[in-house]
**Student:** 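First the structure, then my questions, so here it is.
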Amino acid sequence: SFATTYRMSAVNGATPGVEKGQLFAVKKILKAKLRKHFKTSGGGSSSNQEATEKGKAEVHREVKAIDGLRHLNIIKFIHLMDTEEAFFIVMEFAEGGTLASKVHKDLSSSDTRKWALQLVKVLVYMHEQGVSH
(Lines give C-alpha, C1' and ligand atoms only; values in the text may rest on other atoms or scores of the structure.)
Protein backbone atom coordinates (compact mmCIF):
# COMPACT_ATOMS: atom_id res chain seq x y z
CA SER A 1 0.00 0.00 0.00
CA PHE A 2 1.23 3.48 -0.76
CA ALA A 3 -1.17 5.27 1.59
CA THR A 4 -1.63 5.56 5.33
CA THR A 5 -4.60 7.21 7.00
CA TYR A 6 -4.23 9.23 10.20
CA ARG A 7 -6.63 10.83 12.65
CA MET A 8 -5.81 14.53 13.00
CA SER A 9 -7.15 17.30 15.18
CA ALA A 10 -7.44 20.95 14.14
CA VAL A 11 -5.10 23.04 16.29
CA ASN A 12 -6.63 26.45 15.72
CA GLY A 13 -9.76 28.03 14.37
CA ALA A 14 -8.03 29.93 11.55
CA THR A 15 -9.75 27.96 8.78
CA PRO A 16 -13.35 29.10 8.21
CA GLY A 17 -15.84 26.46 9.34
CA VAL A 18 -13.20 24.47 11.24
CA GLU A 19 -13.27 24.45 15.03
CA LYS A 20 -10.28 23.90 17.29
CA GLY A 21 -10.12 20.21 18.18
CA GLN A 22 -12.27 19.12 15.23
CA LEU A 23 -11.20 15.67 14.01
CA PHE A 24 -10.30 14.77 10.44
CA ALA A 25 -9.03 11.70 8.62
CA VAL A 26 -5.91 12.48 6.59
CA LYS A 27 -4.81 10.02 3.92
CA LYS A 28 -1.07 10.38 3.22
CA ILE A 29 -0.02 9.09 -0.20
CA LEU A 30 3.74 8.94 -0.64
CA LYS A 31 4.84 10.10 -4.09
CA ALA A 32 7.85 7.76 -4.10
CA LYS A 33 5.57 4.74 -3.66
CA LEU A 34 3.18 6.03 -6.32
CA ARG A 35 6.11 6.55 -8.68
CA LYS A 36 7.39 3.02 -8.02
CA HIS A 37 3.91 1.58 -8.60
CA PHE A 38 3.53 3.33 -11.96
CA LYS A 39 7.07 2.45 -13.05
CA THR A 40 6.65 -1.27 -12.34
CA SER A 41 3.09 -2.56 -12.28
CA GLY A 42 0.92 0.45 -13.01
CA GLY A 43 1.35 0.93 -16.70
CA GLY A 44 5.07 0.52 -17.24
CA SER A 45 6.07 4.19 -17.32
CA SER A 46 9.56 4.64 -18.72
CA SER A 47 10.76 7.59 -16.62
CA ASN A 48 10.39 8.92 -13.09
CA GLN A 49 8.74 12.07 -14.48
CA GLU A 50 6.18 10.05 -16.48
CA ALA A 51 5.44 7.81 -13.48
CA THR A 52 5.09 10.89 -11.24
CA GLU A 53 2.62 12.49 -13.65
CA LYS A 54 0.56 9.28 -13.87
CA GLY A 55 0.48 9.05 -10.07
CA LYS A 56 -0.54 12.69 -9.74
CA ALA A 57 -3.30 12.18 -12.32
CA GLU A 58 -4.56 9.14 -10.40
CA VAL A 59 -4.74 11.07 -7.10
CA HIS A 60 -6.56 13.95 -8.79
CA ARG A 61 -8.97 11.49 -10.44
CA GLU A 62 -9.75 9.96 -7.02
CA VAL A 63 -10.27 13.38 -5.43
CA LYS A 64 -12.51 14.52 -8.28
CA ALA A 65 -14.62 11.38 -7.89
CA ILE A 66 -15.11 11.73 -4.13
CA ASP A 67 -15.41 15.52 -4.04
CA GLY A 68 -18.82 15.55 -5.67
CA LEU A 69 -20.35 12.71 -3.65
CA ARG A 70 -22.90 13.65 -0.99
CA HIS A 71 -24.37 10.64 0.77
CA LEU A 72 -24.99 9.80 4.42
CA ASN A 73 -22.72 6.74 4.23
CA ILE A 74 -19.83 8.29 2.27
CA ILE A 75 -17.02 10.19 3.99
CA LYS A 76 -16.85 13.80 2.78
CA PHE A 77 -13.76 15.14 1.01
CA ILE A 78 -12.47 18.39 2.51
CA HIS A 79 -9.10 19.31 0.99
CA LEU A 80 -6.13 18.07 -1.03
CA MET A 81 -2.60 19.16 -0.12
CA ASP A 82 0.25 18.51 -2.54
CA THR A 83 3.76 18.61 -1.05
CA GLU A 84 7.15 17.63 -2.43
CA GLU A 85 7.01 14.16 -0.83
CA ALA A 86 3.32 13.32 -0.53
CA PHE A 87 -0.31 14.07 -1.23
CA PHE A 88 -2.57 14.56 1.78
CA ILE A 89 -6.28 14.00 1.31
CA VAL A 90 -8.22 15.55 4.20
CA MET A 91 -11.61 13.97 4.84
CA GLU A 92 -14.39 13.94 7.37
CA PHE A 93 -13.56 11.77 10.39
CA ALA A 94 -15.95 8.94 11.29
CA GLU A 95 -15.85 7.41 14.77
CA GLY A 96 -15.72 3.67 15.19
CA GLY A 97 -12.87 2.56 12.95
CA THR A 98 -12.70 1.43 9.37
CA LEU A 99 -15.20 -0.61 7.43
CA ALA A 100 -12.59 -3.38 7.22
CA SER A 101 -12.26 -3.49 11.02
CA LYS A 102 -16.03 -3.86 11.34
CA VAL A 103 -16.29 -6.60 8.72
CA HIS A 104 -13.58 -8.71 10.38
CA LYS A 105 -15.57 -8.91 13.63
CA ASP A 106 -18.32 -11.41 14.32
CA LEU A 107 -21.47 -9.61 13.19
CA SER A 108 -25.00 -10.66 13.99
CA SER A 109 -27.33 -11.51 11.12
CA SER A 110 -29.23 -8.25 11.60
CA ASP A 111 -25.99 -6.20 11.59
CA THR A 112 -24.82 -8.02 8.47
CA ARG A 113 -28.10 -7.24 6.70
CA LYS A 114 -27.94 -3.59 7.83
CA TRP A 115 -24.36 -3.16 6.58
CA ALA A 116 -25.07 -4.96 3.31
CA LEU A 117 -28.10 -2.76 2.62
CA GLN A 118 -26.09 0.41 3.36
CA LEU A 119 -23.29 -0.75 1.03
CA VAL A 120 -25.72 -1.54 -1.78
CA LYS A 121 -27.37 1.88 -1.39
CA VAL A 122 -23.96 3.59 -1.54
CA LEU A 123 -22.91 1.61 -4.61
CA VAL A 124 -26.17 2.42 -6.39
CA TYR A 125 -25.71 6.12 -5.54
CA MET A 126 -22.09 6.07 -6.77
CA HIS A 127 -23.05 4.41 -10.03
CA GLU A 128 -25.84 6.98 -10.50
CA GLN A 129 -23.15 9.67 -10.10
CA GLY A 130 -20.94 7.98 -12.72
CA VAL A 131 -18.42 6.61 -10.22
CA SER A 132 -17.51 2.94 -10.07
CA HIS A 133 -15.56 1.39 -7.23
Side-chain angles (χ1 to χ4, degrees):
S1 170
F2 43 78
T4 305
T5 303
Y6 301 93
R7 181 178 70 173
M8 306 293 279
S9 175
V11 293
N12 63 36
T15 304
V18 176
E19 298 177 22
K20 183 177 181 178
Q22 186 173 346
L23 295 177
F24 298 93
V26 179
K27 183 177 182 179
K28 179 181 180 181
I29 304 170
L30 294 173
K31 289 182 177 180
K33 289 188 177 185
L34 264 181
R35 195 169 25 254
K36 182 179 178 183
H37 171 75
F38 281 98
K39 277 193 69 85
T40 57
S41 62
S45 300
S46 57
S47 70
N48 278 340
Q49 180 64 29
E50 186 179 348
T52 298
E53 291 303 317
K54 284 185 178 183
K56 183 176 183 176
E58 181 64 22
V59 169
H60 283 272
R61 184 194 62 73
E62 178 181 341
V63 165
K64 184 180 177 188
I66 64 174
D67 187 25
L69 298 176
R70 299 291 180 262
H71 188 279
L72 175 67
N73 298 110
I74 298 177
I75 297 295
K76 290 176 186 67
F77 165 79
I78 296 171
H79 185 68
L80 172 67
M81 291 181 281
D82 184 352
T83 69
E84 188 71 29
E85 295 179 6
F87 292 102
F88 296 88
I89 300 175
V90 182
M91 301 168 285
E92 168 186 35
F93 178 77
E95 291 286 343
T98 65
L99 176 60
S101 70
K102 298 290 186 193
V103 170
H104 290 129
K105 292 182 178 180
D106 290 330
L107 296 175
S108 68
S109 295
S110 63
D111 283 344
T112 301
R113 281 191 298 278
K114 180 179 86 173
W115 283 73
L117 181 59
Q118 288 176 357
L119 285 169
V120 167
K121 287 180 178 181
V122 165
L123 289 172
V124 166
Y125 169 77
M126 290 174 68
H127 284 240
E128 288 171 347
Q129 303 304 309
V131 177
S132 60
H133 191 276

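Heads up: numbering here begins at 1 and tracks the sequence.
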**Student:** Any chance you could lay out the side chain to side chain contact (heavy atoms under 4.5 Å, CB included) test for M8 and V90, step after step, and finish with the verdict?
**Tutor:** CA-CA 9 Å; M8 306 293 279; V90 182; over 6 Å; no
**Student:** Are any of the side-chain heavy atoms of K121 and Y125 separated by less than 4.5 Å?
**Tutor:** no
**Student:** As an exercise, state the distance from OG of S108 to CZ of R113, rounded to the nearest 0.5 Å.
**Tutor:** 7.5 Å
**Student:** Could you see if V63 belongs to whatever hydrophobic cluster contains M91? Use Ile, Leu, Val, Met, Phe, Trp, Tyr and a side-chain cutoff under 4.5 Å.
**Tutor:** yes
**Student:** Any chain of hydrophobic side-chain contacts (each under 4.5 Å) joining I78 to M81?
**Tutor:** yes
**Student:** Establish whether F24 and Y6 are linked, either directly or via other cluster members, by ILVMFWY side-chain heavy-atom contacts under 4.5 Å.
**Tutor:** yes
**Student:** Any carboxylate oxygen within less than 4.0 angstrom of a Lys/Arg side-chain nitrogen, looking at R61 and E58?
**Tutor:** yes
**Student:** What do the steps show when you test V59 against D82 for side chain to side chain contact (heavy atoms under 4.5 Å, CB included), and what is the final call?
**Tutor:** CA-CA 10 Å; V59 169; D82 184 352; over 6 Å; no
**Student:** Looking only at heavy atoms, which two atoms of A3 and I29 are closest? And how far apart?
**Tutor:** CB-CG1, 3.9 Å
**Student:** Return a table of donor-acceptor pairs under 3.5 angstrom between the side chains of residues 69-76 and protein atoms on other chains or two or more places apart.
**Tutor:**
unit_1	atom_1	unit_2	atom_2	d
R70	NH1	D67	O	2.8
R70	NH2	D67	O	3.2
H71	ND1	N73	N	3.0

**Student:** Would you kindly confirm whether I89 and L30 end up in one hydrophobic cluster when ILVMFWY residues are joined by side chain heavy atoms under 4.5 Å apart?
**Tutor:** no
**Student:** Search all heavy atoms of R35 against all heavy atoms of A51 and return the closest pair with its distance.
**Tutor:** O-CB, 3.5 Å
**Student:** Find out whether K56 and F87 are in side-chain contact, i.e. whether some heavy atom of one side chain is under 4.5 Å from a heavy atom of the other.
**Tutor:** yes
**Student:** Kindly give the heavy-atom pair with the smallest separation between A25 and E92, and that separation in Å.
**Tutor:** CB-O, 3.9 Å
**Student:** At what distance, to the nearest 0.5 angstrom, does NZ of K28 lie from OG1 of T5?
**Tutor:** 11.5 Å
**Student:** Would you say F93 ends up clustered with V26 if hydrophobic residues are merged whenever their side chains have heavy atoms under 4.5 Å apart, either directly or through other cluster members?
**Tutor:** no
**Student:** Which value, rounded to the nearest 0.5 Å, describes the distance between K54 atom NZ and H37 atom NE2?
**Tutor:** 10.0 Å
**Student:** Just how far is it from atom CG of L80 to atom CD of E62, taken to the nearest 0.5 Å?
**Tutor:** 9.5 Å
**Student:** As an exercise, state the distance from CZ of F38 to CD of E53, rounded to the nearest 0.5 Å.
**Tutor:** 11.5 Å
